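Data first, discussion second: the structure below is written as C-alpha cells.
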Amino acid sequence: MDEILEILEKDGRASVEDIAKMIRKSPDTVKKTIKKYEKEGAILKYKAVINKDLIRDSESSEVRALIEVNIVPQKDLGFDKIAERIYSFPEVTSCYLISGTYDLLVVVEGKNLHTVSNFVAEKLSCLEHVRGTATHFLLKKYKEDGVILKHKQQNQRIAISY
Amino acid sequence: MKISKVVEKMQPSGIRAFFDLVLGMKDVISLGVGEPDFVTPWQIREAGIYSLEQGFTSYTSNKGLYKLRLGIHRYLKNKFGLDYCPDEEILITVGVSEGLDLLMRAIINPGDKILVPQPSYVSYGPITELAGGIPVYIDTSKDGFKITPKLLRKYIDKKTKGIVLNYPTNPTGVSYRRKELEEINKILVSNKVLCISDEVYGDLTYDFNHVAFPTLPKAKNNTIYFNGFSKAYAMTGWRVGFACGPKEIIAAMTKIHQYTIMCVSITSQMAAAEALVSGKKQVEEMKREYKRRREFVISELNSLGLKCQRPQGAFYAFPSVKSTGLSSMEFSRQLLEEEKVAVVPGTAFGTNLDGYIRISYASSLDNLKEALSRIKKFLDKRK
C-alpha cells in the first residue's frame, strides 16, 4: 500500500506538509496523490473514532446489534440485490456477506433496544427473500477498528537514557 | 573503605548531574530516551506470561535455552546466510551489554588496547578499563562520524587487540555499506585485530540492507557478533541479547557468564524465542514508523538551522548546535530549563563532540512536533 495511505489510515488528520516531510516528497505531489485517491474512491472519507461510552448526553447513547441474516439468493443476482435493499436502510452501519450458517452479517445501530428490535421485526425480517435472522445485542465494546477503548497506561520509560 | 582506582575514575563528570536534573523535572518532553516508545508486541508478552503460567520458573542452561539458540541460528541463517552452531557458537546474555563485558574480560590481558571510534555508546571504554585494557578513542567527527581505513591504520599497533564497531551507531545513526566494511575488514584481518561488532540496531536500517560483519570475507573467525531483542522488538526491559563467534571465545565468555550471571531469566528467554517466531511483521511496521519520523525530524532540524546528516539507522539524530554558539551542555541545560525539552549532550558520547546533541526520535510524531516547535521558540529567542 502506498505510504501516504498507510499514514492517513492511522491518522486522518496528518497534514499534507507533514506527510511530505515524512516520505520525502514535495507537498504538491502528496496533495495531488491524495486528491487522486479521493477521486477514485480509494479514500472514502475522514472521520474521528469516538468512544461514545465517555459521552454522557442522552442524544448519543446508542444500542448496537449484530444480526445474522439468512437469505434466499435470487437468480442471476445472487446476494447482491437483497444486500443492497438491506444496507440502504440508514439504521444499518455495516453489512457483510459471510461464509457459514448465515449469509449476511448486518450491524444495526439504534437509540435503544426497542428501536433496534422494531427495525428487525418490522423492516428486516419482512423483506422478501429473508428467511431468518438471529440478533445479538452488543453488551460491551473492548476494541473497535484496531483501537482499544480502555484508556491505556502510558509506557513508563525513564526520561533520559543512553 | 576505599573503592578501586579503576572504578573511581570511571564516571564521566557533568552528564550525570544533567541526567539527574532531567529526572527531577515534571512534564518534560523527552527526546533523550535510548529505547523504543512502543511496548513489546502482545504475542511476545503473552508468551512470557504463558511460560509463567506453565511453571517455567527455573534456571536454564548457562548458554541459554536451546530453543532460543536454535531460533537465533535460524534467524542468522535466513537473514545473512550465517551459520553459527547453536551448541558452541551462540551465547544468550543479559542484553548486548553483558555480552560485551564478558568478551572484554575473556580476551583482554593487562595493557591490551581496544579501539573505540567516537562518538560511541557509553559502555565500551569503561568495560575495557574494568577488564584491565586500554581503550583508545578514535575521533571520527571530521570523517562524517565514520571509521575510515586511514584512521584505522593510524591507530592500530602491536598492542591492539580489538575494535568495537557499532552500526547503525548510537548516537549518530551512521551505518556502513558492504564496500566500506570490506575495506575495514581487510585491515582488521591482516593485523589480527578482533572485530567486536555491536549490531543491536541492525534491524533498524532504513536505506539499504544491513550487512552483518561476519559475512565479510574471512571475517567470521575474527569477529564476535552481538545482537539483541531490545531495540528491534521493543524489548529493552526483558534484557536479552546474544553473542556469536568462534567457539573458543564463546566458551571463554560462557565460563565468566556461568560464574556471574548463571543464565538469563527464563521468562525473558521464552518471550525472545517467540519474538523470533512471530515478531518479524511488527519489527517491519515499527521500522517504517521510525523511518517516517526520521525524515520528519531531519527535515525540521535542518530547516531550523541545526545541521544534521541523515542517519541511516537506529532512532537517533545527531545535529550540530554550533550555530547557536552554545556548548552541548549549555544548549541542553537551557533547552530543558526554558522549554522543558530533554536531549542528550553530544559530549556524553566522547571527546571532541562539543557542539552536538543527540535527539531520539523514538517518540510519537505529536511529541516530536511539539518538541521541535519548542526548539524553534528556543532558537528564535536567541536570534
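Letters A, B, ... are given to chains in the order of the sequence lines, protein chains preceding strands, and every chain is numbered from 1. Quick caveat: nothing in here was measured; it's all calculated off a predicted structure.
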Counting neighbours of [atom1] on [X] that are heavy atoms of other residues, nucleotides or ligands and sit closer than 6.0 Å, is the number greater than 12?
{"X": "B/Glu338", "atom1": "CD", "answer": "yes"}
{"X": "B/Lys340", "atom1": "NZ", "answer": "yes"}
{"X": "A/Tyr46", "atom1": "OH", "answer": "yes"}
{"X": "A/Lys31", "atom1": "NZ", "answer": "no"}
{"X": "A/Tyr96", "atom1": "OH", "answer": "no"}
{"X": "B/Lys307", "atom1": "NZ", "answer": "no"}

### Task
Could you walk me through whether A/Lys21 and B/Glu295 pass the salt bridge (charged side-chain N to carboxylate O under 4.0 Å, His left out) test, one step at a time?
CA-CA 6 Å; A/Lys21 279 175 201 154; B/Glu295 301 302 351; over 6 Å; no

Rounded to the nearest 0.5 Å, what's the gap from [atom1] on [X] to [atom2] on [Y]? Could you check?
{"X": "B/Leu365", "Y": "A/Lys10", "atom1": "CG", "atom2": "NZ", "result": "11.0 Å"}
{"X": "B/Tyr316", "Y": "A/Tyr162", "atom1": "OH", "atom2": "OH", "result": "12.0 Å"}
{"X": "A/Ile23", "Y": "B/Phe296", "atom1": "CD1", "atom2": "CZ", "result": "13.5 Å"}
{"X": "A/Ile160", "Y": "B/Asp20", "atom1": "CD1", "atom2": "CG", "result": "10.0 Å"}

### Query
How about A/Glu6 and B/Arg292: do any of their side-chain heavy atoms sit closer than 4.5 Å?
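Yes; the side chains approach each other to less than 4.5 Å.
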
### Query
Would you say B/Arg310 and A/Arg24 make side-chain contact, with heavy atoms under 4.5 Å?
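They are in contact (side-chain heavy atoms under 4.5 Å apart), so the answer is yes.
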
With a 4.5 angstrom heavy-atom cut-off, which part of [X] approaches chain A: side chain, backbone, both or neither?
{"X": "B/Arg358", "value": "side chain"}
{"X": "B/Leu31", "value": "neither"}
{"X": "B/Val297", "value": "neither"}
{"X": "B/Ala362", "value": "both"}
{"X": "B/Val122", "value": "side chain"}

### Query
Any salt bridge between A/Arg157 and B/Glu35, counting N to O under 4.0 Å?
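B/Glu35 and A/Arg157: not salt-bridged.
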
### Query
So, A/Glu3 and B/Arg288, do they make that salt bridge, N to O below 4.0 Å?
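Salt bridge: no.
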
### Residue of the set B/Thr236, B/Val344, B/Val33 for which side-chain contact (heavy atoms from CB on, under 4.5 Å) holds with A/Ser161
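For A/Ser161, the side-chain contact (heavy atoms from CB on, under 4.5 Å) check succeeds only for B/Val33.
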
### Task
Could you tell me which portion of A/Asp18 (side chain, backbone, both or neither) has an atom closer than 4.5 angstrom to a non-hydrogen atom of chain B?
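Answer is both: backbone and side chain atoms of A/Asp18 are under 4.5 Å from chain B.
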
